[in-house]
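Residue numbers start at 1 and run along the sequence shown. Note that the coordinates shown come from a computational prediction; the quantities given were computed from them, not determined experimentally.
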Amino acid sequence: TTVSQVGHVDDQARALEAVMHAPATIGRRYNLTGKGFHTDLGYVATTATHLGVDHALRMVADDSVAARLSAEVEREGPFVFTAARIETRKNLQVILRALERLGPDAPRWKIAGIAGEGAEAFEEGVAASSVAGRVERVGHLSEGALRAHLDACLAFVLVPHDEGFGLAPLEAMAVGCRAISSDVPVVREVCGEAAVLVDPEDESSLAAAIAGLLEEPRSEAAERAAVDHAAGFSWARTAARTVEAYRLAAPDGTCSSPSR
């Protein structure tokens, strides 16, 4: 039996070999639910674990950043926030097109993250955009600054073409920030109905989702639903499910500590 979890497959192989004292076969491709897990040897039984997000609750907002953002919102209106590597896979260009559709009603957009593959093309697109003056790159943020942005923004927005898990919107939800993300299987499974999910290829749907939140800038019910949903993703649960997976993988159904 081959058992896997969300994570780096090479690390899993080494860990399972150490625990089982026997060679372990790990699939090279996998999905979150464990259905249709495929290796070079064919289809195998899998166990998949979710990641935890309770670490996000330990973030404490930087008071000076929070005060500055509060003053900005009062003076310039709301903003949507994205924290992600600036790369093609993250599909930031569709957010830009959605804001262009909203025209003068578009909120400001703050982007935190370092440049990756495709960043130059994205920057060129921003420079030529009708909403260029409403887009701000804030670079890498400290934990305190990140929490301040999540607390102050209208919504966390990230609609990638694909994701391994969908941790970023779930982290935002954990601290009560409303999230708009992609209606793709993995994000649908992780974020459920507590986030607004849209087709990542459809900027009109994304524009409508943002416009809907602009009409109701704060919603205690929506924020509470996000927090309650994210609370189900703890690292304690991840650890318990991982131990369960190791036990299933061991020949006799038990796992022991590797020799040192």
- Task: Find out if a path of hydrophobic residues (ILVMFWY) with successive side-chain heavy-atom gaps under 4.5 Å connects Trp235 to Val53.
- Result: yes

- Before giving the answer on side chain to side chain contact (heavy atoms under 4.5 Å, CB included), spell out for Phe122 and Ile111 the whole-Å C-alpha distance, their side-chain angles and the decisive distance to 0.1 Å. CA-CA 12 Å; Phe122 172 70; Ile111 309 167; 3.8 Å; yes

- Message: Suppose we screen for side chain to side chain donor-acceptor pair (under 3.5 Å). Which residues come up paired with Asp54, at least two apart in sequence or across chains?
- Response: none

- Message: With side chain to side chain contact (heavy atoms under 4.5 Å, CB included) as the criterion, how do Trp109 and Ile210 come out once you've worked through the C-alpha distance, each side chain's angles and the decisive distance to 0.1 Å?
- Response: CA-CA 11 Å; Trp109 180 24; Ile210 295 172; over 6 Å; no

- Task: Without swapping roles, check the side chain of Asp183 against the backbone of Leu197 for a donor-acceptor pair under 3.5 Å.
- Result: no

- Note on the structure: In short, Ala211 meets Leu102 closest at the heavy-atom pair CB-CD2, 3.9 Å

- Report the residues that fulfil side chain to side chain contact (heavy atoms under 4.5 Å, CB included) with Asp105, sequence neighbours left out, ordered by chain and then residue number. none

- Distance-minimising heavy-atom pair for Leu99 and Ala106: O-CB, 3.4 Å

- Task: Mind checking side chain to side chain donor-acceptor pair (under 3.5 Å) for Ser64 and listing every partner two or more places apart, or none if nothing turns up?
- Result: Asp62

- Item | Over all atoms of both residues, closest heavy-atom pair of Ala98 and Ala207 | O-CB, 3.6 Å

- Message: Within the 4.5 Å heavy-atom criterion, are Ser181 and Leu170 side-chain neighbours or not?
- Response: no

- Going hydrophobic residue to hydrophobic residue with side-chain gaps under 4.5 angstrom, can you get from Val190 over to Met173? yes

- side-chain hydrogen bond (donor to acceptor under 3.5 Å, both in side chains): pairs with one or both residues in residues 110-128, sequence neighbours excluded: Glu72-Lys110, Thr88-Glu117, Lys110-Glu136, Glu123-Arg137

- Task: Would you please classify the geometry between the Phe165 ring and the Phe233 ring as parallel, tilted or perpendicular, with 30° and 60° separating the classes?
- Result: perpendicular

- Which heavy-atom pair separates Val198 from Ala209 by the least distance, and what is that distance? CG1-CB, 4.0 Å

- Item | Pairs involving residues 68-106, ordered by first then second residue, that meet ring-ring contact (aromatic ring centres under 6.0 Å, His included) (sequence neighbours left out) | Phe81-His149

- Message: Applying ring-ring contact (aromatic ring centres under 6.0 Å, His included) as the test, list every pair that has at least one member in residues 197-226; sequence neighbours left out.
- Response: none

- Do the side chain of Arg108 and the main chain of Gly77 share a donor and acceptor less than 3.5 angstrom apart? yes

- Query: Are the side chains of Glu203 and Leu96 in touch, meaning some heavy atoms are under 4.5 Å apart?
  - Reply: no

- Message: Between Arg89 and Pro160 (side chain of the first, backbone of the second, donor and acceptor by atom type, cut-off under 3.5 Å), is there such a pair?
- Response: no

- Could you tell me which residues satisfy salt bridge (Lys or Arg N to Asp or Glu O under 4.0 Å) with Arg147, sequence neighbours excluded, listed by chain and number? Asp151

- Query: So do Leu213 and Arg178 actually touch side chain to side chain, heavy atoms under 4.5 Å?
  - Reply: yes

- Item | Leu150 side chain near Met59 side chain, heavy-atom distance below 4.5 Å | yes

- Transitive ILVMFWY side-chain link Leu154 to Val227, under 4.5 Å: no

- Query: Would Val187 and Leu158 show up in the same hydrophobic cluster when neighbours are defined by side-chain heavy atoms closer than 4.5 Å?
  - Reply: no

- Message: Are Val138 and Ile95 connected into the same hydrophobic cluster when the rule is that any two of I, L, V, M, F, W, Y join if their side-chain heavy atoms are below 4.5 Å apart?
- Response: yes

- Arg85 and Ile114, any side-chain heavy atoms less than 4.5 Å apart: yes

- Query: Which heavy atom in Val80 sits nearest to a heavy atom in Pro107, and how many Å separate them?
  - Reply: CG1-CG, 4.0 Å

- Write out all pairs satisfying ring-ring contact (aromatic ring centres under 6.0 Å, His included) with one or both partners inside residues 199-221, taking only residues at least two apart or from two chains. none

- Message: Listing request: all ring-ring contact (aromatic ring centres under 6.0 Å, His included) pairs with a residue in residues 173-206, at least two apart in sequence or in separate chains.
- Response: none

- Item | Sub-4.5 Å side-chain heavy-atom contact between Pro78 and Leu214 | yes

- Item | Pair Glu244 + Arg241, salt bridge at N-O below 4.0 Å | yes

- Task: Taking side chain to side chain contact (heavy atoms under 4.5 Å, CB included) as the test, write out the residues that go with Asp202, two or more places apart.
- Result: Asp199, Ser204, Ser205

- Query: Got Leu206 and Val157 here, is their nearest side-chain heavy-atom distance under 4.5 Å?
  - Reply: yes

- Note on the structure: Distance col, row Arg134:CZ vs Glu100:CD, nearest 0.5 angstrom, shows 12.5 Å

- Item | Between His229 and Glu193: side-chain donor-acceptor atoms closer than 3.5 Å | no

- Query: Between the side chain of Ser70 and the main-chain N/O of Ala66, is any donor-acceptor distance below 3.5 Å?
  - Reply: no

- Measure the spacing between CG of Leu167 and NE2 of His50 and express it to the nearest 0.5 Å. 12.0 Å

- Item | From CG (Asp162) to NZ (Lys90), nearest 0.5 Å | 8.0 Å

- Can you list the residues that meet the side chain to side chain donor-acceptor pair (under 3.5 Å) rule with Glu143, with sequence neighbours excluded? none

- Message: Suppose we screen for side chain to side chain donor-acceptor pair (under 3.5 Å). Which residues come up paired with Arg101, at least two apart in sequence or across chains?
- Response: none

- Task: Provide the closest heavy-atom pair for Ala155 versus Cys177 in the form atom of the first, atom of the second, distance.
- Result: C-SG, 4.2 Å

- So do the side chains of Glu163 and Val184 get within less than 4.5 Å of each other, counting heavy atoms only? no

